[in-house]
Each structure stands twice: as C-alpha cells, then as structure tokens.
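No experiment lies behind these values; they were computed from the predicted model shown. Below, read A as the first sequence line, B as the second, and so on, with proteins coming before strands; counting in each chain starts at 1.
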There are 2 protein chains.
Amino acid sequence: MGKQMTEMLKGTLEGIVLAILSKRPAYGYEITAWLRDQGFSDIAEGTVYALLVRIEQRGLVEVKKIPSEKGPPRKVYSLNAQGRKFLEEFWRTWSFLTERLEQLHKGDR
Amino acid sequence: MGKQMTEMLKGTLEGIVLAILSKRPAYGYEITAWLRDQGFSDIAEGTVYALLVRIEQRGLVEVKKIPSEKGPPRKVYSLNAQGRKFLEEFWRTWSFLTERLEQLHKGDR
DNA sequence: GATAACTACTATGCGACACTAACTACTGGT
DNA sequence: ACCAGTAGTTAGTGTCGCATAGTAGTTATC
C-alpha cells in the first residue's frame, strides 16, 4: 500500500467499515475480503480486526458470535443507534472535506 | 475540532497544502490563516509549520527567506517538479477513495 | 517605556491509527 | 500427517495532527 493511502485511510477506514455495517451485518474476515475486492489491495488483516475492536468498545456496534461451518466462530457486527449517529457525523465531516478539496482540484489545471 | 476531522486530516492536509502551493508560493502563517478562512476553524498553529518542515525535508518544495514588513522574515515555499509529481499522485489516491466512498454513501438511504 | 496585539517560526511530548508480523484455532482435502 | 483456507488476536513500529510553550520582530495604546 502506498504511504499516501495509509495516511488517508486514517479516519476514513472507520467510516468505510461503519458504512458497510449500516447496510448489513458482517464479520471481520468478510469485510477484509470485500475491501480487497474493492481495490484496497493490501489492507492488512490485523487492521480491520483492530478497528472492529475499537468501534465495539466505543459502543457503536452489536456483536454476535455465530458458529462457522469452516473454521472458528465468526464475530458478526451490526450497527446500533449510536453507530448510525456516528456514521451520519462521519458523512458530514467527509462532505466538508471533499468540498474543500474539489475546490482546490478544480483550479488546478 | 472534532476527533473525526483530526483523523481525516491525516494525509489529506498535506495534499491540501501542496495544492495551495501549486497555485502560488506561500508562507506558513498565510496558509494557516487561509485554512481557517476556509472553515478549518481550529487548525493548530504548529500543525502547518510542522507539515512544511516535513515536505521541505522530502524535497517537494523550494524555500526562500523573504523579509516581512511586520515581524520576522517569512519562509516562502513553492512547489518544485518533485512536489508536483507527488501532488498528482495524491490526487489519484484521493480520487480512488472518493469513488469508493461515494458508492457507499449512495446506497445508504 | 511598558504592555498588549499581531506577525512569523520553532520545539517537545502525546494520542490515535494503520501497518507488520507472528500467533492461536478449527475444517477439509491430499 | 500435512497444508491451505477460514477466522480472530496480539505486540511492536512509524506517521501525523494536536496541545502547549517559547522566541523574535513590528505596531499601537496607555
């Protein structure tokens, strides 16, 4: 992963994961795979799990342990009310940033 | 400043400053003032200066000391060839991220 | 002429986050 | 018995923005 991407993911990866969870419950391995699919080629395994622990401790998600047919049980996360509120706030912050950056990018050529 | 904004600025603030410098040379105090004007209400004084030191050490900018009429001499930064290359790379990374996030934001309601 | 207010840059320590790397644990196929 | 795939955990590292304080010059006020 490029160094730029690594830095830019700080703060946004959390939003991305919350956005995924707002659509449907999911577990770590699944989310990692999805991200890789989307082009986040080398998202580190551990990164997503650490993030999930964090948002759980902040009380943004519910967790259910569900047995898997293959391998250890899955920890399935789903967004709760607080998480949805936090996600809204995330979108507001994100929109603000994109507006400013679009302004800068336009007058760029 | 919200915690979310703080985290999101990591990586992007650098791009923002480089984008500013790509339009015209500028010095630290000026950039800080401009950012505050744009709504980055509480960008810390020291943050911008630290960033400028960093991009100077990476060889992305030229620096000229120019006497000020009011106060100490200014360190005026301008983007060099390498900086312009780096900025292009930044826009590519940024675009990738915004595309993914827009996808997520759309199917959100 | 001391004090504040604005201009302009420097320096130190901290917390949060993504990354690296290694590990545990369970299942199925060879 | 071994290995690949699935699923999660943990410890240590580096970068970045923030908080805070300090230095230094000019202008205006009292």
Protein-nucleotide distance (A:Gln4, atom CD; D:dT15, atom P), rounded to Å: 15 Å

Nucleotide D:dG17, atom P - distance to CG of A:Leu97 in whole Å: 12 Å

Co-members of A:Val76 in a cluster of I, L, V, M, F, W and Y side chains, linked at under 4.5 Å: A:Tyr27, A:Tyr29, A:Tyr49, A:Ile66

Pair of N/O donor and acceptor under 3.5 Å linking C:dA16 base with B:Lys10 side chain: yes

Pairs touching residues 51-63 of chain A that satisfy side chain to side chain donor-acceptor pair (under 3.5 Å), sequence neighbours left out: A:Glu14-A:Arg58, A:Glu62-A:Asn80

Distance, rounded to the nearest Å, where B:Leu51 contributes CG and C:dT10 contributes P: 14 Å

Atom pair distance, as rounded to whole Å: CD1 in B:Ile43 and C1' in D:dC16: 12 Å

Phosphate OP1/OP2 of C:dC17: any A:Arg58 side-chain N/O under 4.0 Å: yes

Short side-chain N/O contact to D:dC16 OP1/OP2 from A:Lys3, under 4.0 Å: yes

Residue pairs, two or more places apart or on separate chains, that pass salt bridge (Lys or Arg N to Asp or Glu O under 4.0 Å) and touch residues 87-104 of chain B: B:Glu89-B:Arg92

A:Arg36 (side chain) donor-acceptor with A:Ile43 (main chain) under 3.5 angstrom: yes

Nucleotide D:dC16, atom P - distance to CD1 of B:Ile55 in whole Å: 11 Å

Partners meeting salt bridge (Lys or Arg N to Asp or Glu O under 4.0 Å) with A:Glu30 (sequence neighbours left out): none

Which atoms of nucleotides 6-13 of chain D (N or O only) lie under 3.5 Å from a protein N or O atom, and what are those distances?
residue, atom, partner, partner atom, Å
D:dT6, OP2, A:Tyr29, OH, 2.9
D:dT6, O3', A:Lys70, O, 3.4
D:dA7, OP1, A:Ser68, OG, 3.1
D:dA7, OP1, A:Arg74, NE, 2.6
D:dA7, OP1, A:Arg74, NH2, 2.5
D:dA7, OP2, A:Tyr27, OH, 3.3
D:dG8, OP1, A:Lys75, N, 2.4
D:dG8, OP2, A:Gly28, N, 3.3
D:dG8, OP2, A:Tyr29, N, 3.0
D:dG8, OP2, A:Tyr49, OH, 3.3
D:dT9, OP1, A:Lys75, NZ, 3.1

Touch class at under 4.0 angstrom, heavy-atom based, for A:Leu52 against every strand present: nothing

Nearest-angstrom distance from the residue atom CD1 of B:Ile66 to C1' of C:dA8: 14 Å

Value in whole Å for how far the P atom of D:dC16 lies from CG of A:Leu9: 14 Å

Nucleotide D:dC18, atom P - distance to CZ of B:Arg36 in whole Å: 10 Å

OP1 or OP2 of D:dT15 under 4.0 Å from side-chain N/O of B:Arg54: no

Same cluster (ILVMFWY, side-chain, under 4.5 Å), A:Leu87 and A:Val53: no

Side chain to side chain donor-acceptor pair (under 3.5 Å) partners for B:Lys10, two or more places apart: B:Glu7

